[in-house]
Amino acid sequence: MNADTAIPSTPPEGGGAAQAFDAIVIGAGFAGLYMLVRLRALGLRARALEAGDGVGGTWYWNRYPGARCDVESLQYSYSFSEELQQEWQWTERYPRQDEILRYINHVADRFDLRRDIALNTRASAAHYDEGRQRWSVRTEGGERFEARFLISAAGCLSAARIPEVTGLSSFQGPWYHTGNWPHQAVDFSGQRVGVIGTGSSGIQLIPTIARQAREVVVFQRTPNFSIPAWNRPLPADEQKAWKAQYAAHRQKARATRSGILYDYSLRASAEATEEERQQEYERRWLRGGANFTHAFNDIYSNQAANDSAAEFVRNKIRATVRDADTATRLAPTDHAIGTKRICVDSDYFQTYNQPHVSLVDLRETPITAIVADGIRTASRHFPLDRIVFATGYDAVTGALDRIDIRGLGGLALKDKWAHGPRTYLGLMSAGFPNLFLITGPGSPSILTNVVVAIEQHVDLIARCLDHMQQQQLSVAQPMMDAEDDWVTHVNQVASKTLFTKSNSWYMGANIPGKPRVFLPYIGGLQNYTTICEEVVAAGYRGFRMTSG
Ligand code: N01
């Protein structure tokens with residue numbers, strides 16, 4: 001397949017002549033970079049459009065103090081190049097944001113990817129021209145690009161969200177969102193800081209800011225379960241030993257439900273005595289990380305099993321936080337453990353024992369307004385110099401919704417998904433030919449080590465494009481019945497778990513008006529991969545591929 005020469009095209013409106021490529025990739029984070037590697041290997045001319053002025057996606061934007069990945073360094077990295085995985089040296093058990101960003105930049109340089117990336121280029125519209133079988137992409141800066149294939153690497157947690165609170169524009173101090181943090185270090189010394197939000201970002205940020213600030217007021221709507229990270233430097237011999245078996249570790253990880261080498265128990269909670277259960281929780285607590293919720297194999301599906309694990313964590317919170325009232329407010333009781341993304345922290349609960357850190361329970365006293373010098377709740381006024389929003393994302397579909405994507409007959413993807421996203425395998429959506437979604441809704445994506453999910457999807461897309469090249473096929477899209485069956489399957493699998501009972505971003509519940517649908521596929525990465533392989537082996541069953 002060769003790049004087409006630049007031909008003037010119509011939609012989206014305006015602009016000069018389009019720059020023509022075989023494939024346009026939206027985003028230059030983990031997904032976009034690896035997609036470029038694979039497209040180049042296929043001999044396709046590609047361009048990645050990246051809104052930031054650097055590569056890295058999530059790790060480019062999330063520069064907030066304390067930002068760190070909760071998957072271990074040696075696992076949260078690419079596996080596609082043996083040289084790369086051998087040469088890169090990680091310094092800590094859990095990698096800090098700046099280390100991951102250095103790693104991603106190293107990848108961009110090592111594979112000479114920058115020449116195929118347009119920085120400061122945010123895609124605003126992408127329309128499919130059925131007659132010419134081309135996607136026409138417009139950017140916020142008014143540039144136009146054309147390609148046969150459009151591949152979204154826009155990310156699942158990239159559409160940062162500031163909630164609507166009256167009066168934000170009247171606040172006279174600086175305010176920040178964790179997902180759009182300034183590039184210059186922010187100094188909180190001597191400041192009174194208000195933090196809204198206690199999800200993964202808030203839980204990492206609060207202890208770090210508390211080390212600098214004069215006063216920290218945490219505005220909590222929902223308490224979260226969190227497990228200690230027990231982060232530590234990564235000794236050279238441990239790293240060397242792991243790398244000696246890297247390929248085997250990676251293969252083993254891909255064969256798990258989350259793409260992470262956790263210690264998955266095969267036992268149901270009720271098979272253990274109460275004493276054994278407590279011992280098992282304690283063992284995992286001391287080991288640290290999200291491995292905790294795999295203590296028994298029914299924690300996500302059996303309420304009693306979940307309650308038992310949740311109570312262990314609540315007891316830990318009560319034992320850590322000295323003020324009994326604060327401890328009660330920090331101990332989650334409104335959702336099953338793990339059904340809102342479990343957090344991994346360093347000294348989060350201990351932070352509330354410091355005299356300059358306080359907790360405001362927004363369920364009791366909601367924020368009524370942000371005012372010039374702080375935040376007002378139903379019961380009092382909190383004078384603040386700075387406000388941090390750790391209020392999360394319009395997850396999974398948000399980044400796509402922010403682009404005006406139109407397929408056959410001018411149908412907007414946003415309209416097609418008005419009652420919840422509809423995809424086949426989380427990879428494509430009927431009516432949007434040649435639009436591929438890396439870690440799209442209905443795929444394991446954010447329930448996994450996302451780098452593993454990304455590599456699986458990118459490899460699958462690359463194989464599909466290769467197949468199309470070999471067979472001289474030019475257009476692919478899913479068949480409607482295959483898509484309908486997949487959506488039904490995604491929902492059925494989710495309904496067997498406790499996840500659908502929670503008001504989480506997995507369910508779209510954090511965004512007012514968003515349909516209540518479980519967004520990722522919870523059938524397990526290993527099962528999902530098997531299904532994909534069966535689809536490929538059956539000649540891309542469920543996809544319609546045509547020529548010319
Ligand atoms: O966002 P969140 P996040 N008024 O949506 C609250 C990944 N991640 O950025 O629960 C008051 O989880 C909201 O309250 P509630 C990870 O997958 C990974 O923290 O909706 N509060 C909640 O407390 C994670 O799950 C890492 O009631 C409001 C918080 O804001 C995902 O990103 C690190 C509010 C938002 O929590 C998102 O995490 C960071 C309002 N109007 C992120 N609106 C690691 O790898 C929202 N909130 C470690």
Side-chain angles (χ1 to χ4, degrees), residues 57-59 61-73 75-76 93-97 100 155-166 168 176-181 194-208 217-229 231 258 260 288-290 329-330 332 334-335 338-346 348 359-370 375 377 387-396 398 439 445-451 453 502-512 514 519-520:
T58 288
W59 303 103
W61 298 103
N62 280 261
R63 295 162 189 252
Y64 60 86
R68 193 180 282 286
C69 184
D70 58 11
V71 178
E72 297 188 26
S73 308
Q75 300 195 49
Y76 192 81
R93 177 181 181 189
Y94 294 101
R96 236 170 56 174
Q97 171 269 336
I100 304 173
C156 293
L157 292 161
S158 51
R161 176 181 167 267
I162 307 273
E164 282 181 25
V165 190
T166 317
L168 178 57
Y176 316 92
H177 188 287
T178 50
N180 195 4
W181 200 262
V195 180
I196 305 177
T198 51
S200 297
S201 304
I203 279 177
Q204 288 188 326
L205 168 114
I206 289 160
T208 317
V217 185
V218 178
F219 296 88
Q220 171 190 274
R221 189 163 67 183
T222 312
N224 252 311
F225 291 98
S226 188
I227 309 296
N231 188 39
S258 68
I260 303 175
R329 288 168 209 283
L330 285 169
D334 77 321
H335 65 278
T339 60
K340 286 180 106 152
R341 165 69 185 262
I342 194 145
C343 303
V344 176
D345 72 278
S346 297
Y348 174 63
L359 183 72
V360 177
D361 186 341
L362 297 180
R363 301 265 178 217
E364 280 175 12
T365 54
I367 294 174
T368 50
I370 295 182
I375 291 182
T377 67
I387 298 174
V388 177
F389 289 91
T391 46
Y393 299 86
D394 183 352
V396 185
T439 63
S445 64
I446 30 94
L447 293 174
T448 67
N449 173 354
V450 79
V451 186
S502 249
N503 289 324
S504 65
W505 59 254
Y506 294 132
M507 294 295 299
N510 62 328
I511 304 294
K514 192 164 172 172
L519 294 166

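All of these numbers come straight from a predicted model, not from anything done at the bench. All ligand and atom numbering here is 1-based and tracks the order in the structure. By convention here, the first residue in the shown sequence is residue 1.
- Judged purely by atom type and a 3.5 angstrom limit, Ser502 has no side-chain atom pairing as donor or acceptor with the backbone of Ser504.
- Scanning for side-chain contact (heavy atoms from CB on, under 4.5 Å) contacts around Glu364 gives Arg329, Asp361, with sequence neighbours left out.
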Please test His177 against Tyr64 for ring pair (Phe, Tyr, Trp, His ring centres under 6.0 Å), starting from the C-alpha separation and ending with a verdict. CA-CA 9 Å; His177 188 287; Tyr64 60 86; 9.2 Å; no
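- A distance-only check finds a donor-acceptor pair linking the side chain of Asn510 to the backbone of Tyr393 [under 3.5 Å].
- Judged as a side chain to side chain donor-acceptor pair (under 3.5 Å), not a single pair has a partner in residues 156-165 (not counting sequence neighbours).
- Looking at residues two or more places apart in sequence or on another chain, you find a ring pair (Phe, Tyr, Trp, His ring centres under 6.0 Å) between Tyr176 and Trp181.
- Protein residues with a heavy atom closer than 4.0 Å to ligand 1 are Tyr64, Arg68, Cys69, Asp70, Leu157, Arg161, Pro163, Ile196, Gly197, Thr198, Gly199, Ser200, Ser201, Gln204, Arg221, Thr222, Lys340, Arg341, Leu362, Arg363, Ala390, Thr391, Gly392, Tyr393, Trp505, listed by chain and number.
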